[in-house]
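Here's the structure we're looking at; comments come further down.
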Amino acid sequence: MARVFVYGTLKKGQPNYKHMINTAKGLAKFQGRGRTVEKYPLVIAGKYNIPYMLNIPGTGHHIAGEIYSVDEQMLQFLDEFECCPDMYQRTLMRIQVVEWEGKCGTGEARAAADGVLECFVYSTATYPPEWVGLPYYDSYDSSGKHSLSYVPRESR
């Protein structure tokens, strides 16, 4: 099992969360909520209003999201879904645990409850330069105050 931190459309209540709970694509178990230890720019960009975490450490905000344990099948699905490595790159980042719901009693859960975990995160280092000038967010909600409605793949 691998740990993945999601901050955009794959979170609970967001348009692509259905993929996280579709066991035909693999297993994903919600473990808790967290924030990136380092600051990053989170922008909403492109004609489909997609959330992107730009891989520019030290700029932007501590990004809020959810931590999942996923099996190899789900990790492969997420790589394909996120167009990795072309659109997004999957990298390890340090995530500060804010709330932990994983099983208590394991060493990992105890460590997570008061600390930092390394999780895979889909961010991008390949983006148009003007994206750096877009508004930065610390949390993504597809129906947020930004008025930039996400366009699902099936509607493109």
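Every value quoted in this text rests on a predicted model; they were computed, and no experiment measured them. Hydrogens, waters and symmetry mates are skipped; everything else that's a heavy atom, side chains included, is used.
Around CZ of Arg90, the count of heavy atoms belonging to other residues, nucleotides or ligands within 6.0 Å exceeds 12. Counting heavy-atom neighbours within 6.0 Å of Lys47 NZ, excluding the residue itself, gives a total of 12 or less.
Within the 4.5 Å cutoff, the side chain of Asp138 has no heavy atoms near those of the His62 side chain. Between Asp141 and Lys11, the closest side-chain pair of non-hydrogen atoms is not below 4.5 Å. Between His19 and Lys25, the closest side-chain pair of non-hydrogen atoms falls below 4.5 Å. No side-chain heavy atom of Tyr40 sits less than 4.5 Å from a side-chain heavy atom of Leu54. Looking only at side-chain heavy atoms (C-beta outward), Met74 and Val4 stay at 4.5 Å or farther from each other. Contact of the Val97 side chain with the Gln31 side chain is not registered, since no non-hydrogen atoms from C-beta on lie closer than 4.5 Å.
A distance of 8.0 Å separates CD1 in Ile50 from OG1 in Thr9, rounded to the nearest 0.5 Å. With rounding to the nearest 0.5 angstrom, the CD atom of Glu118 is 14.0 Å from the CZ atom of Phe5. In this structure, CE on Met93 lies 5.5 Å from CE on Met53, to the nearest 0.5 angstrom. To the nearest 0.5 angstrom, Asn16 atom CG is 12.0 Å from Asn22 atom CG. Considering OH of Tyr68 and CE of Met1, their distance stands at 12.5 Å, rounded to 0.5 Å. For the atom pair Glu80 CD and Leu75 CG, the distance stands at 10.5 Å (nearest 0.5 Å).
No chain of hydrophobic side-chain contacts below 4.5 Å, direct or via other Ile, Leu, Val, Met, Phe, Trp or Tyr residues, connects Leu78 to Leu27. Both Leu148 and Val132 are members of a single hydrophobic cluster when ILVMFWY side chains are connected at heavy-atom separations under 4.5 Å. Leu92 is connected to Tyr7 through a chain of hydrophobic side-chain contacts under 4.5 Å among Ile, Leu, Val, Met, Phe, Trp and Tyr, so both are in one cluster. Note on Tyr48 and Met87: same hydrophobic cluster, where clusters join Ile, Leu, Val, Met, Phe, Trp and Tyr whose side-chain heavy atoms are under 4.5 Å apart, directly or indirectly.
Contact check on Glu154 versus Lys18 returns a salt bridge, with a Lys/Arg side-chain nitrogen under 4.0 Å from an Asp/Glu carboxylate oxygen.
Test Ile63, Ile44, Leu42, Val43 against Tyr136 for side-chain contact (heavy atoms from CB on, under 4.5 Å) and you get one pass: Val43. Of the residues listed (Val6, Val98, Ile95, Leu10), the one engaging Glu66 in a side-chain contact (heavy atoms from CB on, under 4.5 Å) is Val6, and it is the only one. The residue from Tyr150, Trp131, Tyr127, Tyr140 that alone fulfils the ring-ring contact (aromatic ring centres under 6.0 Å, His included) condition with Tyr52 is Trp131.
In this structure, His146 and Tyr137 have perpendicular ring planes: the angle between them is above 60°, well past the 30° mark.
Closest heavy-atom contact between Pro51 and Tyr88: O-OH, 2.8 Å. Closest non-hydrogen pair, Arg153 versus Glu82, comes out as NH2-N, 4.5 Å. When all heavy atoms of Gln89 and Thr124 are compared, the closest pair comes out as OE1-CA, 3.2 Å. A pairwise comparison of heavy atoms in Lys39 and Gly60 identifies CD-O, 3.5 Å as the closest pair. Taking both residues in full, the closest heavy atoms of Ile56 and Pro41 are given as O-CD, 3.6 Å, listed atom of the first, atom of the second, then distance. Closest heavy-atom contact between Gln14 and Ser142: OE1-N, 2.7 Å.
Judged by distance alone, with hydrogens and angles left aside, the side-chain atoms of Arg94 form no donor-acceptor pair with the main-chain N or O of Glu38 at under 3.5 Å.
A side-chain donor-acceptor contact under 3.5 Å links Asp79 and Tyr122.
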